[in-house]
Amino acid sequence: MRLSRYFLPVLKENPAEAQIVSHRYMLRAGMIKQQAAGIYSWLPLGYRVLKRIEQIVHEEQVRAGHIPLLMPTLQPADLWRESGRYDDYGQEMLRIKDRQDREMLYGPTNEEMITDIFRAHVNSYKDLPMTLYHIQWKFRDEMRPRFGVMRGREFLMKDGYNFDVDKASALHAYNRHMVSYLRTYERMGLTAIPMRADSGPIGGDDTHEFLVLAATGESEVFFDSAVTELKLGQRDVDYDDRDAVAAVCKEFTTLYARTDETHDPALFDAIPEERRKVARGIEVGQIFYFGTKYSDSMGATVVTAEGTKVPVEMGSHGIGVSRLLGAIIEASHDDKGIIWPEGVTPFPVGIVNLKQGDAAADAACNGLYKALAAKGLEALYDDRDERAGAKFATMDLIGLPWRITVGPRGLANGVVEVTSRRTGESEEMSPAAAVDRIAQIYAAHR
RNA sequence: CGGAGCGUAGCGCAGUCUGGUAGCGCACCUGCUUCGGGAGCAGGGGGUCGGAGGUUCGAAUCCUCUCGCUCCGACCA
């Protein structure tokens, strides 16, 4: 993409309403525009990151054997009357009437609807296990939306639902989700710690929240600092192997890590003092096992091998997709702007032409742009007629992790500059070597 | 929902107390000079001051009502 033809409305000054760094940078980098309290338009740059995050979530869900579908944002109230949640959910649920005066609602979550789909089509244990998920906009009419996309009223969420014949299978689905979530967050450059949590209005017995540590987090968290060292890395987990999956979960949940809701001071004090940490965290996901809560009330049953009809065992599992943008920025920025992890960056690399209109510089930039494209890497080429400082400032603000700087001075020696946004370190090399370097870096993130 | 505050040009703000016909910086447009970390000079365009009603010769400014947004708190992907 050529910047001169793109729509990237960056702001030089901080918008007054933005109090936290991710919100400020998302507005300044031209990623979002607020339309009402807690409701945002996603401008091109923000939309690209949102789609990247969505893509990673999809890939990891499919890898775990989960099946994507798409349910509507609007739901009939009757479905929620069946589970009893129409009255329980309260003011957070946006209730709407259509022209026939039928009661509708903008879905805050989809347990009822997915159960309705399941019961309509599945009757046998032979069709299980099954996990269905979608990535869809939700609406929760928060009393107090804040912090940009971190606590919006409208937000994009991945929500998945597992259906299993017995509790052991359902707990395996729970574990499978935990492992797939760990992989998902790691690919986004995040350290998200699973913490034992409280179940809230969804209801259930077992539940973990995934927290990204950040000073601006809304939850107070207590943990053994050793949990932050745990990495799933490149290990190849067989999602159908119950013991292997359970072993990973055990590894990641044995050390003490809890939110204030479930904090146990006695257990916490048993941790060696130097590893005892109290911090803030942003909740970026949550998994629940809730058994037959919905299948009982809504009549979702299967026939077992023995010929008896049993309600299916269920759980639900969510990832706050739009919130993740804020969380990633909170975890990865400096005083110049955002620093995107390679996994989620809107463009893999930026090309800065220091002297637009200079024949050699223009040709070198065009050559780099094409060579990168040939390797499947879409660069953001700043071909505006701007001064170097302005171009650098824009690149730093929007946070592309790598920058290739092209100017007449370097070209006289046959070199361009490759700069890491994270470290600020630059290295001179030939244009061809620069393309190879960038391609090599991204090979690990495909 | 309790408490606090703010709505004046795309963004950041002054002007409101003490009423007199709207201003600054950035951004935008034109020209010249500049050109490796948000350039300089000159010129230019853009606002029924959130909305409605009222007081007044006259309202961004005073009064009433209303809408919107932000922050702190209790609740939540």
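Given the structure is predicted, the values throughout are model-derived calculations rather than measurements. Letters A, B, ... are given to chains in the order of the sequence lines, protein chains preceding strands, and every chain is numbered from 1.
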(message) Please compare Arg403(A) and Leu156(A) by the position of their nearest nucleotide in RNA chain B and report the one closer to 5'.
(response) Arg403(A)
(request) Nearest-nucleotide wise, let me know which of Glu417(A) and Ala16(A) is further upstream toward the 5' end of RNA chain B. (result)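 Its nearest nucleotide lies further toward 5', so the answer is Ala16(A).
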(message) On the nucleotide A27(B), are OP1 or OP2 found under 4.0 Å from the side-chain N or O atoms that Lys12(A) carries?
(response)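 So the side chain of Lys12(A) is within the cut-off, an N or O lying under 4.0 Å from OP1 or OP2 of A27(B).
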Taking the minimum atom-to-atom distance to the side chain of [X], which one of [options] wins?
X: Lys336(A); options: G37(B), G38(B), A77(B); answer: G37(B)
X: Glu17(A); options: U70(B), A77(B), G38(B); answer: U70(B)
X: Arg146(A); options: A77(B), G38(B), A74(B); answer: A74(B)
X: Ala37(A); options: C75(B), G25(B), U70(B); answer: U70(B)

Rounded off to whole Å, could you give me the [atom1]-to-[atom2] distance for the [X] and [N] pair?
X: Phe7(A); N: A27(B); atom1: CZ; atom2: C1'; value: 14 Å
X: Asn14(A); N: A27(B); atom1: CG; atom2: C1'; value: 15 Å
X: Gln356(A); N: C35(B); atom1: CD; atom2: P; value: 17 Å
X: Met150(A); N: C75(B); atom1: CE; atom2: P; value: 19 Å
X: Leu8(A); N: C11(B); atom1: CG; atom2: P; value: 17 Å
X: Asp382(A); N: C35(B); atom1: CG; atom2: P; value: 19 Å
X: Asp141(A); N: A77(B); atom1: CG; atom2: P; value: 16 Å
X: Leu354(A); N: G38(B); atom1: CG; atom2: C1'; value: 14 Å

(message) Other residues, nucleotides and ligands only: do more than 12 of their heavy atoms fall within 6.0 Å of NZ on Lys370(A)?
(response) no
(request) Under 4.0 Å from any atom of RNA chain B, heavy atoms only: list the residues of residues 385-396 of chain A that qualify, in numerical order. (result) Arg387(A), Ala388(A), Gly389(A), Ala390(A), Phe392(A), Ala393(A), Thr394(A), Asp396(A)
(message) I need the residues from residues 18-36 of chain A with at least one non-hydrogen atom less than 4.0 Å from RNA chain B; give them sorted by number, or say none.
(response) Gln19(A), Arg28(A), Gln34(A), Ala36(A)
(request) Spell out, as yes or no, whether a donor-acceptor pair under 3.5 Å connects the side chain of Arg153(A) to the backbone of Ile39(A). (result)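 No: the side chain of Arg153(A) does not pair with the backbone of Ile39(A).
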Are [X] and [Y] within salt-bridge range, i.e. N to O under 4.0 Å?
X: Lys391(A); Y: Glu386(A); answer: no
X: Glu112(A); Y: Arg85(A); answer: yes
X: Lys51(A); Y: Glu54(A); answer: yes
X: Glu17(A); Y: Arg24(A); answer: no

Looking only at atom [atom1], what distance separates [N] and [M], rounded to whole Å?
N: C75(B); M: G5(B); atom1: P; result: 25 Å
N: U16(B); M: U8(B); atom1: C1'; result: 11 Å
N: G40(B); M: C26(B); atom1: C1'; result: 16 Å

(message) Within the 4.5 Å heavy-atom criterion, are Phe7(A) and Leu45(A) side-chain neighbours or not?
(response)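 No; the side chains remain at least 4.5 Å from each other.
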(request) Not counting sequence neighbours, list each pair that qualifies as a ring-ring contact (aromatic ring centres under 6.0 Å, His included) and has a residue in residues 344-367 of chain A. (result) Tyr6(A)-Phe347(A)
(message) Could you check whether Tyr181(A) and Lys158(A), counting side-chain N and O atoms only, form a donor-acceptor pair closer than 3.5 Å?
(response)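 The answer is yes; a qualifying pair exists.
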(request) State the pairing partner of G7(B); accept Watson-Crick or G-U wobble contacts with both distances under 3.5 Å, and report none otherwise. (result)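 Pairing partner, where one exists within any strand: C67(B).
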(request) Would you name the heavy atoms of Asp116(A) and Met298(A) that are closest together and state the gap between them? (result) N-CE, 4.3 Å
